[in-house]
**Student:** 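Quick one: structure below, then a few questions.
Here, residue 1 is the first one in the sequence, and each next residue gets the next number. Counting starts at 1 for both ligands and their atoms, following the listed order.
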Amino acid sequence: MTKPNVHAVHRDWDRPFPAVARTEGIYLYDENGKKYIDGSGGSSVVTSIGHGVSEIAQVMFDQAQKFSFYPAHAFTNERFLDLCDLVVSLAPGGLKDNSRVWITCTGTDATDDAVRLARQYWVECDRPSKYMVVGRWQGFHGNNLAVAGFSGITSRRRIFQPMFVESPHLPPAFCYRCSLEKTYPECGLLCARMLETIIRQHGADNIAAFIAEPVVGAALGCAPAPDGYFQVIRQICDRYEILFIDDEVMTGWGRTGAAWGIDHWGVTPDIIATAKGMTAGYTPLSAVIARDDIWGALERNHSPFKAGHTLNANVVSCAGAIAVINYSLDHRLSLNSRMRGEQALAGLREMMNRHPILGDVRGKGLMFGFEFVQDRQTKETFPPRLGVSSRFEQFALRRGLVTYPCTGTVDGVLGDMTLMAPPLTISSQEMDELLAILDAALSDLELNLEISA
Ligand SMILES: Cc1ncc(COP(=O)(O)O)c(C=O)c1O
């Protein structure tokens, strides 16, 4: 039995949290020996290479024995330099071999610093009026007070709203529930073209950057933008001199079946924020990758980047990141992500035949999700008080599968969905096992809600 909790604050007050005793591959084991599939890849989309890979622990242990910390205002370290070289060699499109890298701690640090870099770039270029960041509703970029402002995840914004700086928001690129009530492709990608409207409304001279996730994770339950979306965004950003920040915190490192999420659109961003799968949860680390000439504007003015945390570029984390990235490449995990992702979507689409509660299944690679509806034709959602996605999470957990519940797909409040992102190492048999548990848990939920096929 886990010892009683007296002093620790968990993410929820009203439910027990079993203690993890050990992990291996795609599995977690609690202290009673119960086995769970890590179906959401941590909380969430983190555990890219799977749990318990001893060579990663060994590399970090070896580094920690040499040294694990040093005064970063006075020294550098070779693992940091190696990691930056490796990242630049793997960067997408025109950033490959044409970028520089800033290493920090969390995904939020990376998006926050990406925006800081955009702002500082314009100041260094003598265009100090450019400060605004355009985000999207139902987009998520992290959890500090600046980032929550340009994020569009309603449940995490509401009580902090008075503390945000003004950030215009585009509607989400979400064809299943288009908030503009259009149909793709007849819409001509109005949701992307509206960036131009926002720029005109606020003035290009006031806007520093636009930020978006290629596949929206927690806020939409793994919704990829439609084909052509980021090409339109890129053109508009170029036309109005707005930097395009690509949030690859979830979608990087093979998660979507391509090296980078943005590869599906063949577009080069100006700045990338990435984290999660880069160290697979073995250690905290994140990165900002930006075009060489963006950093060059700061360098030319001898102006250090005005960001940074005490634990940035921690040497043990840098060693861990190099080992995780090399493991992903050696095991061709991006390819496995694509194949197992296709298997997952096919399995879920087949389940739609017997589970009327499934309104939509979607995703790219091993970042996939599904949405619950009362009625598939009308797409009517369940009342939030029923907590449908959380109920589903509990049914799946009882059966030994961790899922990630999300809400707010319609308007930030209404709508229940589930995000799935198992380790990219998952085998075909393990995926069958995962799908069988999903199937059974969907039946549990339907029984509980008195829904019949
Ligand atoms: C797309 C995206 N960006 C940024 C973040 C923030 O990352 P972190 O939780 O590591 O701060 C998240 C976290 O889930 C995310 O999904």
Side-chain angles (χ1 to χ4, degrees), residues 11 38 40-48 102-117 133 135-157 160 167 169 172-174 209-225 230 244-253 255-256 260-262 264 269 271-289 307 309 311-312 314 317 320-321 324 363-369 402-409 417-421:
R11 290 192 184 195
D38 184 5
S40 56
S43 310
S44 54
V45 200
V46 178
T47 56
S48 52
W102 168 259
I103 300 291
T104 181
C105 306
T106 70
T108 305
D109 299 332
T111 52
D112 192 65
D113 287 353
V115 163
R116 281 168 192 262
L117 177 60
V133 180
R136 298 189 301 180
W137 288 113
Q138 284 107 303
F140 182 60
H141 304 292
N143 239 349
N144 70 25
L145 286 174
V147 174
F150 54 78
S151 290
I153 193 159
T154 305
S155 58
R156 298 196 191 208
R157 285 172 53 93
F160 303 109
S167 297
H169 286 73
F174 184 39
F210 168 71
I211 185 165
E213 304 155 77
V215 179
V216 178
L220 281 179
C222 300
F230 284 105
F244 168 32
I245 301 174
D246 172 22
D247 183 345
E248 299 265 358
V249 168
M250 280 190 171
T251 50
W253 311 104
R255 172 52 65 182
T256 67
W260 300 92
I262 200 69
H264 295 287
I271 304 176
I272 289 179
T274 191
K276 300 211 183 212
M278 188 173 180
T279 48
Y282 287 81
T283 180
L285 181 137
S286 62
V288 177
I289 311 164
H309 301 281
L311 292 175
N312 266 20
N314 175 268
S317 294
V324 166
K364 277 206 187 290
L366 283 173
M367 192 171 162
F368 58 95
V402 184
T403 61
Y404 194 78
C406 323
T407 57
T409 181
M417 58 281 190
T418 293
L419 174 156
M420 301 297 300

**Student:** Counting only pairs under 3.5 Å, give me each side-chain donor-acceptor contact of residues 213-225, with atom names and distances, residues two or more places apart or in other chains.
**Tutor:**
from: E213; atom 1: OE1; to: G217; atom 2: N; distance (Å): 3.1
from: E213; atom 1: OE2; to: F140; atom 2: N; distance (Å): 2.7

**Student:** Sequence neighbours excluded, which residues qualify as side-chain contact (heavy atoms from CB on, under 4.5 Å) partners of S317?
**Tutor:** T283, P284, L285, N314

**Student:** Closer than 3.5 angstrom, by distance alone: can the side chain of T108 be matched with the main-chain N or O of G142 as a donor-acceptor pair?
**Tutor:** no

**Student:** Just so I know, are the side chains of D246 and W260 near enough to count as touching, which here means a heavy-atom distance under 4.5 Å?
**Tutor:** no

**Student:** Any idea which residues sit under 4.0 Å from ligand 1, heavy-atom distances?
**Tutor:** T106, G107, T108, F140, H141, G142, E213, D247, V249, M250, K276

**Student:** In residues 148-155, what donor-acceptor pairs under 3.5 Å come from side-chain atoms, sequence neighbours left out?
**Tutor:**
from: S151; atom 1: OG; to: H141; atom 2: N; distance (Å): 2.8
from: S151; atom 1: OG; to: V147; atom 2: O; distance (Å): 3.0

**Student:** Please examine the side chains of V324 and M278, heavy atoms only from C-beta on, and report whether any two atoms are closer than 4.5 Å.
**Tutor:** no

